[in-house]
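Just the heavy atoms: all of them, side chains too, but no hydrogens, waters or symmetry mates, feed the values below. Here is the naming used below: chain letters follow the sequence lines, and residue numbers restart at 1 for every chain.
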There are 2 protein chains.
Amino acid sequence: MVPPKRGPAAVKWQPIPRTRAYELVIKRIEEQITSGVLSVGDQLPAERDLAAALGVSRAAVREAMRAMEAQGVVRSGAGVGPDSGTFLTSMPSKALTQFLRLHMALANFPIDDVLETRIMLERRSARLAARQASASDLATMSRLLDEMDAETGDLAVFNELDTDFHVAMAEAAHNTLITEMTTAIRHSMRSMVLASFREHGDWPELAATLRGQHRAIYSAIAVGDQPGAADTVEAHLRSANDVLHWGAGGHED
Amino acid sequence: MVPPKRGPAAVKWQPIPRTRAYELVIKRIEEQITSGVLSVGDQLPAERDLAAALGVSRAAVREAMRAMEAQGVVRSGAGVGPDSGTFLTSMPSKALTQFLRLHMALANFPIDDVLETRIMLERRSARLAARQASASDLATMSRLLDEMDAETGDLAVFNELDTDFHVAMAEAAHNTLITEMTTAIRHSMRSMVLASFREHGDWPELAATLRGQHRAIYSAIAVGDQPGAADTVEAHLRSANDVLHWGAGGHED
DNA sequence: ACTTTTCTTTGGTCTGACCTTTACAAGGGA
DNA sequence: TCCCTTGTAAAGGTCAGACCAAAGAAAAGT
């Protein structure tokens with residue numbers, strides 16, 4: 001312990017929280033949202049006006065917009081008309097996708113942890129879908145399966161349909177958060193999956209395997225077999241993860 | 001269909017994707033991360049230098065930093081020294097917390113969906129913790145329970161310990177993504193929970209109930225009862241959700 | 001040797017200008 | 001009259017340059 005040379009005893013000076021201007025802008029907007037003044041679809045004042053109203057520079061307002069845009073709650077467009085100006089919006093999966101991409105690239109989220117999370121999400125989706133999927137939910141999933149049967153050449157299109165099927169299953173569970181997370185995980189791994197598709201030796205056989213597994217998932221959901229749907233989807237995800245060995249050299253454990 | 005008055009037949013002019021400067025900055029940084037040149041802990045060039053190197057203005061670089069900061073992958077500090085400059089970091093839960101707060105405020109995520117997601121996350125955590133919790137994991141949880149017993153007056157401190165207990169359980173499951181999500185959900189609901197605590201009539205009784213439920217969860221985990229741990233934690237979350245009737249008027253369904 | 005001052009670097013903020021996009025209004029020719 | 005061109009205004013997008021604030025380092029003074 002070093003006793004202070006000056007000052008009355010050990011006064012604890014808690015440092016002033018130096019808040020940046022753009023954070024204050026976000027805070028003000030968040031207050032308007034929480035108090036119900038602003039909601040999704042509403043237009044924010046023009047950047048110049050908002051800057052003047054809050055007593056900060058336009059740059060501070062713009063930095064706040066970029067941060068909120070990164071969170072998927074704001075959308076901006078230039079010009080005049082219905083798509084111009086800054087609006088409160090709701091695009092969570094876009095934000096989550098970028099979030100996951102960055103953190104996976106930085107190795108903050110190990111690939112195995114992401115897989116286990118996916119399994120947790122999709123097991124729950126499959127179970128809920130088997131319990132409560134509506135006729136239109138099932139029709140959507142069935143249509144996507146047919147489209148996957150028809151798509152034989154383009155790997156990217158096939159993968160889009162694959163993703164759409166899993167998202168449709170999540171939507172059948174009717175939980176917004178789980179749906180958005182599922183969508184984001186799939187999208188954030190898009191390029192990885194495509195690369196693995198291309199590296200795979202026997203594409204027709206892989207496609208046939210995937211189609212069969214998807215059909216099995218669909219069947220379990222359609223007949224309302226909750227545990228069966230969950231187990232089938234987990235088997236599908238683990239199988240796909242094994243077949244599509246990530247990275248350049250495959251597993252090394 | 002409106003045929004064009006001029007031009008050779010129906011030429012499809014695909015519009016030029018006008019990408020904003022700050023998005024290009026992010027793209028460049030992401031490339032450096034993906035290619036392994038940059039990783040967590042590394043320092044980015046000074047804003048002025050980076051702007052010059054990429055051929056954009058400093059404002060564009062700063063907007064990119066704000067967006068990446070909102071994703072929890074960048075940290076900035078002024079001055080000279082170890083904490084000054086801009087660094088790649090890993091603070092996902094901070095970003096996820098803000099993300100959830102904003103989207104919940106905008107009613108993009110219904111409260112029931114968040115609850116069900118929490119149950120899914122914590123059931124999985126409890127199950128995994130019961131299977132593989134280490135001695136130090138259990139010690140941490142046990143210590144938090146004791147601290148909660150000692151805390152009788154300050155609701156905020158009690159709630160912090162409550163949150164820490166749930167996070168400790170998630171950490172015992174050793175899945176980074178699930179841990180971060182659990183942390184973020186708890187933190188994003190902090191003010192709501194505190195308000196409910198204060199509105200509750202009989203605090204000592206509520207605290208006793210919560211303590212008992214936490215002890216039950218801990219016991220199931222300590223003895224390795226995986227289904228029991230999952231069910232106990234779900235019961236705890238549903239019970240707490242019922243007792244702490246959100247909003248001003250309570251449930252109305 | 002110790003303290004004080006000055007310097008330098010880096011993010012934080014502000015100002016003001018100009019560009020780009022988009023709709024709409026004004027004008028001019030067939 | 002009708003259509004097309006042209007201008008105008010409003011909004012975000014971009015840029016340049018200046019200055020402020022923080023924090024360590026080096027220089028100066030005691």
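- Put simply, the side chain of A/Pro92 reaches to within 4.5 Å of the side chain of B/Phe109, judged on heavy atoms.
- Taking 4.0 angstrom as the limit, B/Ser84 places none of its side-chain polar atoms (N or O) nearer than this to OP1 or OP2 of C/dT10.
- The separation between B/Glu47 atom CD and D/dT14 atom P is 16 Å, rounded to whole Å.
- The separation between A/Arg20 atom CZ and D/dA21 atom P is 17 Å, rounded to whole Å.
- Nearest nucleotide to the B/Arg18 side chain, out of C/dG12, C/dT21, C/dA17: C/dT21.
- In this structure, the side chain of B/Thr34 does not engage the main chain of B/Glu31 through any donor-acceptor pair within 3.5 Å.
- Taking atom CG of B/Leu44 as the reference point, atom C1' of C/dG11 lies 13 Å away to the nearest angstrom.
- The interatomic distance linking A/Gln43 (CD) with D/dG12 (P) rounds to 8 Å, in whole Å.
- The interatomic distance linking B/Arg58 (CZ) with C/dT10 (C1') rounds to 8 Å, in whole Å.
- Taking 4.0 angstrom as the limit, B/Arg62 places a side-chain polar atom (N or O) nearer than this to OP1 or OP2 of C/dG12.
- Using a 4.0 Å cut-off between a side-chain N of Lys or Arg and a carboxylate O of Asp or Glu, A/Arg62 and A/Glu47 qualify as a salt bridge.
- The nearest heavy atom of DNA chain C to A/Ala59 and to B/Ala46 marks one nucleotide each, and the one closer to the 5' end goes with B/Ala46.
- The backbone N or O of A/Pro110 lies less than 3.5 Å from no partner atom in the side chain of A/Asp113, so there is not a single donor-acceptor pair.
- When each of A/Ser57 and A/Pro82 is assigned the nucleotide of DNA chain C with its nearest heavy atom, A/Ser57 is the one assigned upstream, toward the 5' end.
- The side chain of B/Thr86 contributes no N or O atom lying less than 4.0 Å from OP1 or OP2 of C/dT10.
- Under the 4.0 Å criterion applied to side-chain N and carboxylate O atoms, B/Arg190 and B/Glu160 are assigned as salt-bridge partners.
- Here C/dC14 presents its P atom at 13 Å from CG of A/Leu50, a figure rounded to the nearest Å.
- Look at B/Glu63 and B/Arg66 and you find no salt bridge, because none of the NZ, NE, NH1 or NH2 atoms lies under 4.0 Å from a carboxylate O.
- In this entry the distance linking CD of B/Glu63 with P of D/dC15 reads 10 Å, nearest Å.
- A donor-acceptor contact under 3.5 angstrom links the side chains of A/Ser134 and A/Asp137, judged on distance only.
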Next item on the list: Evaluate the criterion side chain to side chain contact (heavy atoms under 4.5 Å, CB included) for residue pair B/Asn175 and A/Thr117; output intermediate values, then yes/no.
Entry: CA-CA 8 Å; B/Asn175 183 304; A/Thr117 304; 3.6 Å; yes
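- No side-chain N or O of A/Ser188 forms a donor-acceptor pair with one of A/Arg101 less than 3.5 Å apart.
- With respect to the salt-bridge test (charged N to carboxylate O, under 4.0 angstrom), the residues B/Arg143 and B/Glu147 qualify.
- DNA chain C is contacted by A/Ala78 of residues 64-78 of chain A, taking any non-hydrogen atom closer than 4.0 Å.
- C/dC14 atom P lies 10 Å from atom CG of A/Leu24, rounded to whole Å.
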Set out, line by line, the N/O atom pairs under 3.5 Å between protein and nucleotides 6-10 of chain D.
none

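- Note on B/Glu23 versus B/Arg28: no salt bridge recorded, every NZ/NE/NH1/NH2 to OD/OE distance being 4.0 Å or above.
- Computed from C1' positions of five pairs at each end, the angle between the two local axes of the helix from C/dA1-D/dT30 to C/dA30-D/dT1 equals 30°, rounded to 10 degrees.
- Nearest to the side chain of B/Arg48, among D/dG13, D/dC19, D/dC15, sits D/dC19.
- The neighbour count for A/Arg58 CZ, taken as heavy atoms of other residues, nucleotides or ligands under 6.0 Å away, is above 12.
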